[in-house]
Amino acid sequence: MTLAAKPSGKGTFTGPSLLLRGLKKAFTDVQAVDGLDLEVVQGECFGLLGPNGAGKTTTIEICEGLTEADEGTVEVLGLNWATGAGELRQRIGIQLQETQFPEKLTVEETLRLFRSFFHHGIPIEESIRTSELEEKRHSRVGGLSGGQKQRLAMACALVGDPELLFLDEPTTGLDPQARRHLWDVVDQLKQGGRTIILTTHYMDEAERLCDRVAIMDHGHVIALGSPQQLIAAIGGEDIVEFAVSQGPAGAHEPVRGVVDPATLTVIPGVQSHRVDAALHQLSVSELHTTVPRIFAALAAEGLHLSEFRTHSATLEDVFVRLTGRNLRDE
């Protein structure tokens, strides 16, 4: 058995892997999920994104059977948690944001323990190799680094050979090399026809891995589509960021300049404009013709650039545009 192979010994369900209709969940002081509709098809990597307090963690916990919804329909692999919990636990894998393992067990013993919970699964040797924990197989869990524990949690989520895999912030605490390795593992899982539901705060990760993403805010889905579709929807192909001063270029203490937004939005090729901490951000098309026009418009106002950079529009630009930059409490 390899990760690229399809799960063995599982059901033959052919409908959506996840179906949510009218999902609601309220806590004492907040409506965490408010009439959510969502559908995830088999074999796709689906990203659920949102700022703190958006409702994504509550939604995932309901899908995983850890939290009960107040209202709505929840179907996971065609089953519901009220009547099909036993079968669902055999067919899904879960990696939580933080997993508490028995610290006295070794890596190998931990994986054997988790493997014993499933009727069918992946060989322990493959789990250890996939998570790159060969050198730590006989080490006690309590002595592992944070990144090694994350890799062990991923291995435990896969050891049951799941059809549907929930990954909640899977690369938190991983170094860049380990993060890229996990991306490769997810690619293998997708090639094997498995369904993955991913939550992450790394927009480049969602853009790299996800076939579709849903951006949540205040308990609702506010955007849904492929990363490329959402990026195209913000209205420009590139992002221009700059700050201006009223002093001469290169002045020791330049005075921050003020730009009338109308000066920028009337420039041909500028699709939108926003300001964050005195940094102007423009979404533009035809970068090569629009940038000289921006320079000319600023010069006409007697303003000088103190910062300037461009980049292709990304999913992070979409996220910030839709949800804002203000931090929120969970």
Side-chain angles (χ1 to χ4, degrees), residues 1-18 40 42-46 60-67 74-134 136-141 144 148-170 182 184-199:
M1 167 91 47
T2 64
L3 287 177
K6 290 187 177 181
S8 60
K10 309 293 182 177
T12 57
F13 177 67
T14 58
S17 292
L18 178 67
V40 178
Q42 290 193 38
E44 74 173 331
C45 182
F46 188 89
I60 288 293
E61 289 179 348
I62 292 171
C63 297
E64 294 169 339
L66 301 177
T67 299
V74 181
E75 292 185 5
V76 182
L77 299 174
L79 304 170
N80 63 74
W81 284 101
T83 61
E87 183 177 348
L88 280 173
R89 291 190 180 103
Q90 291 295 316
R91 297 172 62 185
I92 70 171
I94 299 173
Q95 181 183 359
L96 303 175
Q97 287 187 28
E98 184 176 353
T99 305
Q100 298 296 326
F101 295 110
E103 296 199 345
K104 298 298 184 182
L105 294 182
T106 66
V107 166
E108 183 175 344
E109 289 168 342
T110 301
L111 283 168
R112 291 193 183 281
L113 173 63
F114 274 76
R115 175 63 182 84
S116 71
F117 300 151
F118 299 95
H119 303 317
H120 305 277
I122 294 171
I124 298 301
E125 290 297 327
E126 182 177 347
S127 299
I128 291 174
R129 183 174 62 255
T130 299
S131 57
E132 293 193 336
L133 288 171
E134 293 98 330
K136 293 293 183 179
R137 68 183 303 154
H138 299 302
S139 299
R140 296 186 188 276
V141 171
L144 300 180
Q148 290 164 348
K149 288 180 179 178
Q150 278 290 87
R151 280 148 55 195
L152 177 58
M154 180 66 165
C156 289
L158 291 173
V159 76
D161 192 20
E163 294 173 65
L164 172 59
L165 184 63
F166 292 95
L167 301 179
D168 198 0
E169 305 287 346
L182 185 137
D184 291 339
V185 171
V186 172
D187 279 336
Q188 291 181 48
L189 294 167
K190 289 169 58 179
Q191 291 169 15
R194 302 165 197 259
T195 307
I196 301 160
I197 298 177
L198 170 77
T199 69

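Just so it is clear, the model here is predicted, and its values are computed rather than measured. In this chain, residues are counted from 1 in sequence order.
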Trace of the side-chain hydrogen bond (donor to acceptor under 3.5 Å, both in side chains) decision for Q148 with Q150: CA-CA 5 Å; Q148 290 164 348; Q150 278 290 87; over 6 Å; no
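- Checked against side-chain hydrogen bond (donor to acceptor under 3.5 Å, both in side chains), D184 has no partners two or more places apart in sequence or in another chain.
- Within the 3.5 Å criterion, the main-chain N or O of P162 finds a donor-acceptor partner in the side chain of R194.
- With sequence neighbours excluded, no residue forms a ring pair (Phe, Tyr, Trp, His ring centres under 6.0 Å) with F46.
- In this view, T195 and S17, V40, Q42, L164 satisfy the side chain to side chain contact (heavy atoms under 4.5 Å, CB included) rule, not counting sequence neighbours.
- In this structure the side chain of L79 reaches within 4.5 angstrom of the side chain of R91, judged on heavy atoms.
- Contacts of E103 classified as side-chain hydrogen bond (donor to acceptor under 3.5 Å, both in side chains), with partners at least two apart in sequence or in another chain: none.
- Using a 4.5 Å cut-off on side-chain heavy atoms (C-beta onward), L167 and I197 make no contact.
- R137 is not listed as a side-chain neighbour of T106, based on a closest heavy-atom distance of 4.5 Å or more.
- Among residues two or more places apart in sequence or in another chain, the side chain to side chain contact (heavy atoms under 4.5 Å, CB included) test is passed with R112 by E108, I124.
- Residues passing the side chain to side chain contact (heavy atoms under 4.5 Å, CB included) test with L113 are L105, S116, F117, sequence neighbours excluded.
- Here the side chains of D161 and F118 are not in contact, with every heavy-atom distance at 4.5 Å or above.
- When side chains are defined from C-beta on, T99 does not count as touching C156, because their heavy atoms never get closer than 4.5 Å.
- With a 4.5 Å cut-off on side-chain heavy atoms, L77 and L18 do not count as touching.
- Taking the side chain as every heavy atom from C-beta outward, R151 and L133 approach each other to under 4.5 Å.
- Side-chain contact between W81 and E75: absent, with no pair of heavy atoms (C-beta onward) separated by less than 4.5 Å.
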